[in-house]
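Here's the structure we're looking at; comments come further down.
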Amino acid sequence: MQPRVWIFGDNIDTDVIFPGKYTYTVSDPDEMAKHALEDLDPTFAKTVQEGDIIVAGKNFGCGSSREQAAFALKYAGVSGIIAKSFARIFFRNAINAGLVAIEHCGCVDAIGTDSRVAIDLSRNVIIVDDSEFSFSPFPKQVLQILNEGGLLQHVRKMLQP
Amino acid sequence: MAMTFSEKVLARKAGLKQVSPGQIVTLTPDLLMSHDNAAAISQTFAKMGGKHVFDPARVIIILDHCVPAATEKYAQNHKTIRQFAAREGIANFYDVGHGICHQVLCEQGFATPGSLILGSDSHTTTYGAFGAFSAGIGRSEMAAVWATGSIWLKVPPTIKIELVGALVAPVCAKDVALHVIGKLGADGASYQAVEFSGEVVSAMAIADRMVLCNMGAEMGAKNAYVPPDGKTREWLSQRQRSGYAPVHSDPGANFGQVVKIDISGLEPQVACPHTVDNVAPVGALKRVRIDQALVGTCTNGRLEDLAVAAAILKDRHVASGTRLLVLPASREILRTAMDAGYIATLVDAGAIVLNPGCGPCLGAHEGVLAPGEVCISTANRNFKGRMGCNRAEIYLASPATVAASALTGVITDPREVLDRA
């Protein structure tokens with residue numbers, strides 16, 4: 001099925017992505033998914049589908065270092081986030097969660113709610129309807145973490161005797 | 001080639017002669033700080049296959065986020081951490097009651113010039129006030145460093161913020177920080193290092209420099225830094241645990257951006273709901289009625305902040321219908337404020353004094369808000385839902401502005417109530 005696109009604005013902070021009041025009380029992946037973006041769009045967690053893509057403005061994920069913000073989106077089914085820019089810690093957390101996060105201003109501006117969007121990591125392009133947008137390749141270390149499904153899996157592999 | 005402070009520290013730690021912005025380096029941090037999230041980190045650590053932390057002497061755990069535990073779940077969380085710390089021989093474990101991690105770490109003398117500290121908390125930027133390179137990371141990353149002793153970091157470009165002019169009390173470091181964030185935006189320093197400089201910064205006390213660096217996180221900074229000087233040495237002389245080698249940017253270092261801001265005549269500033277960069281001078285606000293006022297947190301819970309609040313509220317009383325919460329950042333601060341009489345003054349004025357910790361700042365306990373309520377706080381974040389309710393409004397300001405507002409029940413310019421004192 002074609003992934004759907006969720007479009008949000010600038011400065012989407014971690015408190016609206018995953019409220020602070022849950023950071024020590026909710027840890028089950030399914031439960032976390034139910035609270036994803038709760039304080040911004042209460043319909044999101046109910047209707048998001050596996051593979052959906054989030055498209056946002058600048059400074060996505062600003063605020064707290066809580067990585068549950070990235071994990072909650074991943075557990076909710078989000079397959080990637082394309083934003084004009086990411087807050088630094090959120091970007092790292094997304095990669096560590098195995099969630100693709102790409103910065104691309106022109107691409108964000110070209111996407112509408114009805115756009116068909118796909119991310120091709122092997123060619124470093126985002127496909128929007130009939131257009132392609134190239135993005136800078138991920139550094140080797142980052143790509144390795146992404147390809148292995150996240151930091152947990154990456155370290156587990158590293159520590160294996 | 002000339003390098004900035006951040007480039008120099010990252011190069012030294014990575015064993016390289018030279019680094020430049022954008023480069024990825026792998027290194028072993030000097031110190032790793034975690035708080036209540038150490039329980040979740042220890043679980044991820046185990047899932048990763050971690051047997052023992054690579055070096056217990058580099059790990060610091062300070063319980064502060066929900067202390068004492070508000071529910072069974074929080075209590076179990078703390079218990080898990082106590083057991084983990086004991087098992088791993090983590091000597092630098094600070095149990096419930098010491099205070100907020102960022103304050104306690106500094107009071108205990110861990111934040112020293114030139115050191116590289118990572119913390120699983122976004123306001124880890126605070127230690128730059130002592131000339132350290134300090135940045136926040138996520139829980140999984142902390143677990144990975146505990147297990148492997150190593151982490152990759154991208155070398156950030158540096159934005160130099162030069163503050164000129166002179167501050168006139170009660171306008172203070174918090175007003176400067178809010179003003180700068182209002183000008184640069186919530187992503188104004190995204191993925192960059194911030195170096196604060198200029199005569200305003202040189203004149204600032206350590207507590208004020210901690211405010212600047214703490215708030216650096218709110219403009220997206222990776223780390224914030226104030227060049228260490230005599231004040232830093234003096235502060236550390238009573239507390240340092242080891243020697244240190246201060247690091248300064250080289251003359252001719254390449255700053256990505258230099259921003260000069262004249263703060264002469266700066267009015268008290270307020271960040272309005274729901275973003276920290278939605279800043280206005282207090283005079284521009286139209287009679288905003290408040291239900292709760294909070295003086296404290298890792299941003300403004302230091303002795304100097306309690307002193308200002310006490311001076312404004314001495315022999316006066318908090319407005320009827322308004323609650324004032326006072327949250328000292330550490331036990332040491334609470335004890336000193338007791339000796340100085342600030343706590344008695346604030347209690348007599350009707351304040352509710354909370355135990356040192358994060359309190360209601362992140363919406364976990366001890367003063368969360370109800371729908372429709374308005375709070376003015378000295379904290380660093382006013383995001384929707386931050387204090388536990390997504391239909392409440394949070395304004396951010398200096399301790400003087402918050403105390404003055406508690407006194408009148410509406411957001412108030414502290415200069416007005418000081419004039420009448």
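Chain letters run A, B, ... following the sequence lines, proteins first, then strands; residues in each count from 1.
- Between the CD1 atom in A:I12 and the CZ atom in B:F383 there is a gap of 11.0 Å [rounded to 0.5 Å].
- Contact of A:L152 with chain B is made through backbone and side chain together, with heavy-atom distances under 4.5 Å.
- Applying the side chain to side chain donor-acceptor pair (under 3.5 Å) test to every pair with at least one member in residues 84-110 of chain A, sequence neighbours left out, gives these pairs: A:K84-A:D109, A:R92-B:E141, A:N96-B:E141.
- Taking OH of B:Y191 as the start and CD1 of A:I89 as the end, the distance is 9.5 Å to the nearest 0.5 Å.
- Proximity of a side-chain donor or acceptor of A:E67 to a complementary backbone N or O of B:R139 within less than 3.5 Å is detected.
- For B:N77, the part lying under 4.5 angstrom from a heavy atom of chain A is the side chain only.
- Heavy-atom distances place no part of A:F90 under 4.5 Å from chain B, backbone and side chain included.
- Between chain A and the options B:T275, B:D121, B:D277, the largest number of non-hydrogen pairs under 4.5 Å is found for B:D121.
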Between A:K21 and B:L362, is the side chain to side chain contact (heavy atoms under 4.5 Å, CB included) condition met? List the steps.
CA-CA 7 Å; A:K21 61 187 169 192; B:L362 72 156; over 6 Å; no
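- Between B:H35 and A:Y24, the ring-plane angle classifies as perpendicular under the 30° and 60° cut-offs.
- There is no contact between A:Q153 and chain B, counting heavy-atom distances below 4.5 Å.
- Checked by atom type and distance alone, the side chain of B:K73 pairs as donor or acceptor with a backbone atom of A:T25 at under 3.5 Å.
- Contacts of A:T23 with chain B are made by both backbone and side-chain atoms, with heavy-atom separations under 4.5 Å.
- Nearest heavy-atom pair, B:G385 versus A:D39, reported as atom, atom and distance to 0.1 Å: CA-OD2, 4.0 Å.
- We find the OG1-NE2 distance between B:T148 and A:H154 to be 8.5 Å, quoted to the nearest 0.5 Å.
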Mind running side chain to side chain contact (heavy atoms under 4.5 Å, CB included) on A:N59 and B:S190 for me, showing each step along the way?
CA-CA 8 Å; A:N59 208 22; B:S190 195; 4.2 Å; yes
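- Rounding to the nearest 0.5 angstrom, the gap separating the CZ atom in B:R381 from the OG atom in A:S64 is 6.0 Å.
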